There are 2 protein chains.
Amino acid sequence: MQTFNDDGTTLETAARPMRIQRAALHDKIVERLHDLITEGDLKPGERINERELADRLAVSRTPLREALRVLAAEKLVTISPNYGTFVTRMTRQEIHDTFELMSALERFSGELACLRITAGELTAIREAHEAMLGHWQRHDLPAYYHANQRIHDLINRAARNDALRQIYLSLNRRLHPLRLSSNRSEAKWRRAVEEHREMMAALETRDGSALGALMERHLLEKRDAVLADWTDD
Amino acid sequence: MQTFNDDGTTLETAARPMRIQRAALHDKIVERLHDLITEGDLKPGERINERELADRLAVSRTPLREALRVLAAEKLVTISPNYGTFVTRMTRQEIHDTFELMSALERFSGELACLRITAGELTAIREAHEAMLGHWQRHDLPAYYHANQRIHDLINRAARNDALRQIYLSLNRRLHPLRLSSNRSEAKWRRAVEEHREMMAALETRDGSALGALMERHLLEKRDAVLADWTDD
DNA sequence: AATTGGTTTTTTGCATTCATTACACAATAT
DNA sequence: ATATTGTGTAATGAATGCAAAAAACCAATT
């Protein structure tokens with residue numbers, strides 16, 4: 001994961017001679033399109049007109065096309081040669097498979113986190129957990145989602161595996177537009193909260209297999225909830 | 001993974017109206033560079049001169065640059081803006097993390113495969129296993145590697161999760177150049193073969209947790225073997 | 001001899017231009 | 001009326017051209 005400073009520069013970590021580098025235009029476009037897609041400004045299935053989008057972003061088609069190729073590699077857009085580029089619209093099967101894969105990554109994150117988490121990281125997760133409980137009691141769904149996302153993200157960070165983190169973030173971007181179609185019923189929400197309590201207990205005792213199993217099940221239930229609400233295609 | 005027909009066309013599966021499409025030039029370049037990198041024609045750390053490579057491939061810089069962005073998204077090359085593109089040279093930590101992640105994917109492949117494998121698929125794996133044993137007895141290391149790779153690939157296919165398969169193939173490409181630095185000792189080779197026997201037994205009885213655990217351990221041992229032979233940086 | 005300063009050359013980044021493909025719509029034939 | 005063919009238009013694909021950045025080279029100086 002590249003970490004950008006606020007002046008738009010980034011510290012190269014992989015190359016041998018450490019180099020300061022300005023973010024290239026096409027990289028900025030990738031970031032911008034990431035946002036446009038995950039925020040829903042570009043909706044799944046929507047056609048992307050290169051000229052039009054290039055004008056909107058005030059760039060030429062060349063760097064835009066380079067950015068679209070990157071997004072296609074991440075499966076956020078789908079390119080049909082000589083036909084057009086579309087915001088990826090996942091099929092039911094793809095949603096199933098992606099959540100299922102995510103469940104394995106979550107399990108693995110939980111297992112590694114129990115091995116490698118620091119006291120400070122655990123404190124942060126505990127606080128996020130408490131905050132999430134508060135949002136739940138206040139029935140503040142958006143805040144709940146945010147805290148929930150933060151907990152999973154912190155656990156993933158605590159796993160201290162950058163390759164895992166990359167894939168995790170990438171899949172999260174793909175699934176982000178779908179996240180809303182869950183926890184619609186009070187009962188399921190309550191159940192999700194209870195599962196999180198168990199996850200915290202497992203994390204406190206560094207019980208990796210327990211936490212892993214819980215996080216896997218948590219995701220598979222989310223998968224089923226999302227697919228249950230899925231009418232299209 | 002896209003399956004190409006022999007005339008270079010591909011059947012679009014995701015888009016709503018089924019469309020025949022010729023592979024675009026930049027996609028062909030991606031495939032070509034995949035090969036050049038995994039076959040070692042382009043070595044880790046090597047600089048990629050756009051003009052020179054474009055001339056070598058008899059294309060212009062535009063589609064080549066698009067291809068390089070895709071490869072960068074897959075981490076096969078590393079791009080430093082205004083500086084240059086290099087074949088990615090993984091650090092020790094990156095190798096560690098990637099193998100570790102791979103071990104989780106292998107475990108998951110094994111678990112799912114036990115749930116979903118067909119009789120025909122099992123037969124194919126059994127045959128590949130027998131072939132591998134033969135190569136081992138004949139001390140034919142290249143053929144052994146090939147059969148070994150084929151077994152893991154078939155198990156991954158049998159898991160019937162396309163998202164898992166994509167990531168698996170991508171990580172495999174990244175790790176491919178490192179594969180040689182293992183099984184140098186007769187004892188370790190013998191041990192790897194024994195592990196494969198256990199994996200076959202678990203697969204025959206559809207014991208997912210056993211197969212998953214075996215495949216995870218198998219990969220973690222491979223990780224340690226590769227890192228043990230790793231001198232650089 | 002090493003280092004600094006400046007000029008030349010190379011390479012990357014991006015915009016523009018041209019070519020090719022596909023789609024839309026109309027005209028014609030069956 | 002429907003199917004089919006043909007033409008115009010708009011989109012994508014790729015090559016070229018130009019500007020900016022960086023590296024290489026060389027000379028001058030300490």
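Heavy-atom basis, side chains included; hydrogens, waters and symmetry copies ignored. Predicted model only: the values in this text are computed from it and were never measured.
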Considering residues at least two apart in sequence or located in another chain, which fulfil the salt bridge (Lys or Arg N to Asp or Glu O under 4.0 Å) criterion with B:Arg47?
none
Quick one, A:Thr98 with A:Leu175, criterion side chain to side chain contact (heavy atoms under 4.5 Å, CB included). Give me CA distance, side-chain angles, the key distance, then yes/no.
CA-CA 8 Å; A:Thr98 306; A:Leu175 295 176; 3.6 Å; yes
Report the residues that fulfil ring pair (Phe, Tyr, Trp, His ring centres under 6.0 Å) with A:His135, sequence neighbours left out, ordered by chain and then residue number.
none
So, B:Glu46 side chain and B:Lys43 main chain: donor-acceptor pair closer than 3.5 Å or not?
yes
Within-4.5 Å side-chain heavy-atom neighbours: A:Leu76 and A:Val87
no
Does A:Glu216 offer a backbone N or O that forms a donor-acceptor pair with the side chain of A:Ser103 under 3.5 Å?
no
Protein-nucleotides 5-8 of chain D N/O pairs under 3.5 Å:
none

More than 12 heavy atoms of other groups within 6.0 Å of A:His146 NE2:
no
Is there a side-chain contact between B:His26 and the phosphate of D:dA14, meaning an N or O under 4.0 Å from OP1 or OP2?
yes
Check DNA chain D against residues 42-59 of chain A and give the residues with a non-hydrogen atom under 4.0 Å, in numerical order.
A:Ile48, A:Asn49, A:Glu50, A:Arg51
May I ask you to decide if A:Ala159's main-chain N or O and A:Arg116's side chain share a donor-acceptor pair within less than 3.5 Å?
yes
From CG of B:Asp27 over to C1' of D:dG13, roughly how many Å is that when rounded to an integer?
12 Å
Which whole-number value in Å describes the distance from A:Arg61 CZ to C:dT20 P?
15 Å
Counting neighbours of CZ on A:Arg150 that are heavy atoms of other residues, nucleotides or ligands and sit closer than 6.0 Å, is the number greater than 12?
no
Classify the angle between the aromatic ring planes of B:His218 and B:His152 as parallel (below 30°), tilted (30 to 60°) or perpendicular (above 60°).
parallel
Nearest to the side chain of A:Ser60, heavy atoms from C-beta on, is which of D:dA22, D:dA15, C:dC14?
C:dC14
Rounded to whole Å, the OH-P distance (A:Tyr83 to D:dA10) equals 18 Å
Any residue in residues 62-72 of chain A with a heavy atom nearer than 4.0 angstrom to DNA chain C? Just list them by number, or reply none.
A:Thr62, A:Pro63
Who pairs with A:Glu111 by salt bridge (Lys or Arg N to Asp or Glu O under 4.0 Å), at least two apart in sequence or on another chain?
B:Arg107
